[in-house]
Amino acid sequence: MSQIKYQSPRGTHDLLPEEIDKWRFVEATFRSLCAKYSFQEIRTPLFEQTELFARATGESSDVMVTKQMYSFVAPDEQSYTLRPEGTAGIVRAYLEHNLSERGPVAKLFYIASIFRYEAPGAGRYRQHHQCGVEMLGAAGPEADAEVLALSRDFLAALGIEAQLKINSLGTPQSRRDYVAKLRAHLEPQRASLSPDSQRRFEVNPLRIFDSKDPRDHAALQGAPRLLDHLAQHDPESLQHFQTLCATLDGLGIGYQIDHELVRGFDYYSRTAFEWVSDKLGAQSTVLGGGRYDGLVEELGGNPTPGIGFGAGIERLLLVREASGASPLEAAPITAFLVTLGEGARAAGAKILAELRANGIACDRDFVGRSMRAQMREANRQRARFTLIVGEDELAVGTVSLKNMESGAQETLELARAIEVLRGVS
RNA sequence: GCGGGCGUAGCUCAUUUGGUUAGAGCGCCAGUUUGUGGCACUGGAGGUAGUGGGUUCGAUCCCCAUCGCUCGCCCCA
């Protein structure tokens, strides 16, 4: 440990064999659900032109966000950035390949690495991994319900308990008026806000809702609510929200309306949602998403509605374990070849090849260990059978097949043993 | 970016008011007679105590720095 010269960069992690099965489980669960919901996988480049992400993360905060991106100048002297989120690249691909021409609605999903230069914390890394979906071209609340139903099924399949919170942000226009109202409400108490929120008051008053400072909570008492504002000035958004709620009721998806659930960027509209868990301390969101009807246009396309969600795999696994979901184990191999003597050892490669040609997962000893050690290794790998080949067997062309669970052993021709092993593979 | 805690074998942790060869459990390797695992027993390998400085006769232990992890704050696409 002390002679270590290189280590993985801060906030990045190696996924070792003993933990990879959990990841594969999450990914396989997500893929199979997406297939069920008819979402199709898309893979976009790990990096894009910096400009794309700068645009997609909004003009107002791009200075701040840019500091949290892994940007670099390539030999072509252009600036590129490792993707800090999943949606922008997909929208770019949607526009670049005119996916809108293939049908009115594109339902896409991705599993991707995400890079953000920020302080690592629980469930928060500089390279993390997300499962997400994007549904482009459908403006109605049934699209929201589709995405939410998938998210519900996903968490349920993972054995994660979480609560759904939803809210409506209205349209950028109606939200602008709301922000003005909110400012008006807070103005008189401005001096009593936390220092951070006094800054937010200038930059992005909606964010004050995210504050944990009691002073800010006090100031927000009696603040105007988004949904009330929509009722008066944006009836279409309210109708959208109410229809969604009714649909969720019909689907048996429980939710909680959270008037303080907000999003920072302009292209967000209407539905915003988060699945939260109390299992994680400060990082409570396990899956978040919402509608972004303004994004495609922002990135140069025709006005196109969109809604999606993203969920960090690291955090899903943390919550899953905190919830006491059953651990996952690697699939054992079917057979372990034990050889005795040089002749058998030399013949081993060919026997393994035959087993594998018949679809049998198998392994052997590669360091010339004793039979006892080979048996131990077979046990350690939880092999279901050992195939023992010694000089005796070699001489008459047979093998000894031992069932490691029952301990029963029989000597038979290799071809027969393969028949048996194929039957259990 | 700010503040608190932590950093001893592969893993989980002991140890020291600063004092000879830093320990345990698990894991790993080997053996317990001749070709048989899981249990048990025996033995073994493995650590310049994250790293670099400093204080001291002497540092794993005290001080500083640095890297990493962690908790909270900021931020959160």
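A, B, ... follow the sequence lines: proteins, then strands. Residue 1 opens every chain.
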For this session: For A:Phe115, report the nucleic acid contact type (base, sugar-phosphate, nothing); a contact means any heavy atom under 4.0 Å.
Result: nothing
For this session: Hunt down the Watson-Crick or G-U wobble partner of B:rC28, both distances under 3.5 Å, from any strand shown, or write none.
Result: B:rG44
Problem set entry | Over 12 foreign heavy atoms within 6.0 Å of CD, A:Glu18 | yes
For this session: Please name all residues satisfying side-chain contact (heavy atoms from CB on, under 4.5 Å) with A:His259, sequence neighbours left out, ordered by chain then number.
Result: A:Arg225, A:Leu227, A:Ile257
For this session: Not counting sequence neighbours, which residues clear side-chain contact (heavy atoms from CB on, under 4.5 Å) with A:Ile114? List them please.
Result: A:Arg83, A:Arg116, A:His128, A:Gln130
Exercise. What is the distance, rounded to the nearest whole Å, between atom CZ of A:Arg126 and atom P of B:rU70?
Worked result: 12 Å
Exercise. Nearest-Å distance, OH (A:Tyr267) to P (B:rA77)?
Worked result: 8 Å
Exercise. Which base sits across from B:rC62 as a Watson-Crick or G-U pair, both distances under 3.5 Å?
Worked result: B:rG54
Problem set entry | A:Arg382 vs B:rG38: side-chain N/O to OP1/OP2 distance below 4.0 Å | no
Exercise. When rounded to the nearest Å, what value does the distance between C1' atoms of B:rG19 and B:rU56 take?
Worked result: 12 Å
For this session: Using the C1' atom on both, measure B:rG23 against B:rU36 and round to a whole Å.
Result: 36 Å
For this session: For B:rC76, take OP1 and OP2 only and decide whether either is under 4.0 Å from a side-chain N or O of A:Arg207.
Result: yes
Exercise. Does any pair with a residue in residues 394-425 of chain A pass ring pair (Phe, Tyr, Trp, His ring centres under 6.0 Å), and if so which ones, sequence neighbours excluded?
Worked result: none
Problem set entry | For atom CZ of A:Arg124 and atom P of B:rC74, their distance in whole Å | 10 Å
Problem set entry | Nearest listed nucleotide, side chain of A:Met404, among B:rG37, B:rC76, B:rC75 | B:rG37
For this session: Write down the distance separating the P atoms in B:rC39 and B:rA9, rounded off to the nearest Å.
Result: 26 Å
For this session: Select base, sugar-phosphate, or nothing to describe what A:Ile388 touches, counting heavy atoms under 4.0 Å on all strands.
Result: base
Seminar exercise, completed: By the Watson-Crick or G-U definition, both distances under 3.5 Å, B:rU17 is matched with none
Exercise. Of the candidate nucleotides B:rA77, B:rC76, B:rC69, which contains the atom at the shortest distance from the side chain of A:Pro120?
Worked result: B:rC69
For this session: Answer yes if the side chains of A:Thr87 and A:Glu134 hold a donor-acceptor pair under 3.5 Å, and no otherwise.
Result: yes
Exercise. Near RNA chain B, under 4.0 Å by heavy atom, which residues of residues 331-352 of chain A?
Worked result: A:Leu340
Exercise. Between atom CG in A:Leu299 and atom P in B:rA77, what is the gap in whole Å?
Worked result: 16 Å
For this session: Using the P atoms only, state how far B:rU51 lies from B:rU8, rounded to an integer number of Å.
Result: 10 Å
For this session: Name the nucleic acid region contacted by A:Gly11, choosing base, sugar-phosphate or nothing; use a 4.0 angstrom heavy-atom cut-off, strictly under.
Result: sugar-phosphate
Seminar exercise, completed: Residues at least two apart in sequence or cross-chain that pass ring-ring contact (aromatic ring centres under 6.0 Å, His included) with A:Phe30, listed by chain then number, are A:Phe109, A:Phe154
Problem set entry | For B:rC73, the Watson-Crick or wobble counterpart (both distances under 3.5 Å) | B:rG1
Exercise. Nearest of B:rC76, B:rA77, B:rC69 to any side-chain atom of A:Arg10?
Worked result: B:rC69
Exercise. With A:Arg200, which residues qualify under side-chain contact (heavy atoms from CB on, under 4.5 Å), at least two apart?
Worked result: A:Asp196, A:Ser197, A:Arg207, A:Ile208, A:Ser211, A:Asp216
For this session: Would you mind telling me which residue lines up with the more 5' stretch of RNA chain B, A:Arg116 or A:Thr12, judged by nearest nucleotide?
Result: A:Thr12
Seminar exercise, completed: Residue set satisfying side-chain contact (heavy atoms from CB on, under 4.5 Å) with A:Phe25, at least two apart, ordered chain then number -> A:Thr29, A:Leu158, A:Arg320, A:Leu328
Problem set entry | Selection residues 370-382 of chain A - residue pairs positive for salt bridge (charged side-chain N to carboxylate O under 4.0 Å, His left out), sequence neighbours left out | A:Glu329-A:Arg382, A:Arg369-A:Glu377, A:Glu377-A:Arg380
Problem set entry | A:Thr50 (side chain) donor-acceptor with A:Ser79 (main chain) under 3.5 angstrom | yes
Problem set entry | Inter-nucleotide P distance (B:rC13, B:rC74), Å rounded | 30 Å
Exercise. Would you say A:Thr339 and A:Leu337 make side-chain contact, with heavy atoms under 4.5 Å?
Worked result: yes
Seminar exercise, completed: A:Arg200 atom CZ is separated from B:rC74 atom C1', nearest whole Å, by 8 Å
Exercise. For the pair made of CD in A:Glu274 and P in B:rC76, what is the distance, rounded to whole Å?
Worked result: 12 Å
Exercise. If you look at every strand shown and take non-hydrogen atoms under 4.0 Å, does A:Glu393 touch a base, only sugar-phosphate, or nothing?
Worked result: base
For this session: Using atom CG of A:Asp363 as one end and atom C1' of B:rG37 as the other, report the distance to the nearest whole Å.
Result: 15 Å
Problem set entry | Watson-Crick or G-U wobble partner of B:rU33, both distances under 3.5 Å | none
Using atom names, set out every protein N or O paired with an N or O of nucleotides 2-5 of chain B below 3.5 Å, distance rounded to 0.1 Å.
none

Problem set entry | side-chain hydrogen bond (donor to acceptor under 3.5 Å, both in side chains) partners for A:Arg183, two or more places apart | none
For this session: Mind calculating the distance between CG (A:Asp14) and P (B:rC11) to the nearest angstrom?
Result: 13 Å
For this session: May I ask you to verify if any side-chain N or O of A:Lys402 is less than 4.0 angstrom from the OP1 or OP2 atom of B:rG37?
Result: no
Problem set entry | A:Glu161 side chain to A:Ser277 side chain, donor-acceptor N/O pair below 3.5 angstrom | no
Exercise. Which part of the nucleic acid does A:Glu391 contact within heavy-atom distance under 4.0 Å: base, sugar-phosphate only, or nothing?
Worked result: nothing
For this session: Hunt down the Watson-Crick or G-U wobble partner of B:rG68, both distances under 3.5 Å, from any strand shown, or write none.
Result: B:rC6
For this session: Using heavy atoms and a sub-4.0 Å distance, could you list which residues of residues 365-378 of chain A are near RNA chain B? By number, please.
Result: A:Arg369, A:Ser370, A:Met371, A:Arg372, A:Ala373, A:Met375, A:Arg376
Exercise. Is the A:Tyr268 ring parallel, tilted or perpendicular to the A:Phe265 ring (thresholds 30°, 60°)?
Worked result: parallel
Exercise. With a non-hydrogen cut-off below 4.0 angstrom, is A:Gly407 in contact with a base, only sugar-phosphate, or nothing?
Worked result: base
Problem set entry | P atoms of B:rA65 and B:rU12, separation to the nearest Å | 28 Å
Exercise. Going by the ring pair (Phe, Tyr, Trp, His ring centres under 6.0 Å) test, which pairs reach into residues 171-203 of chain A, not counting sequence neighbours?
Worked result: A:Tyr178-A:His229
For this session: Indicate, yes or no, whether a donor-acceptor pair under 3.5 Å links the base of B:rG37 to the side chain of A:Asn379.
Result: yes
Exercise. C1' atom, B:rA22 versus B:rA14: distance in rounded Å?
Worked result: 10 Å
Problem set entry | Same-atom distance (C1') from B:rG10 to B:rG46, integer angstrom | 9 Å
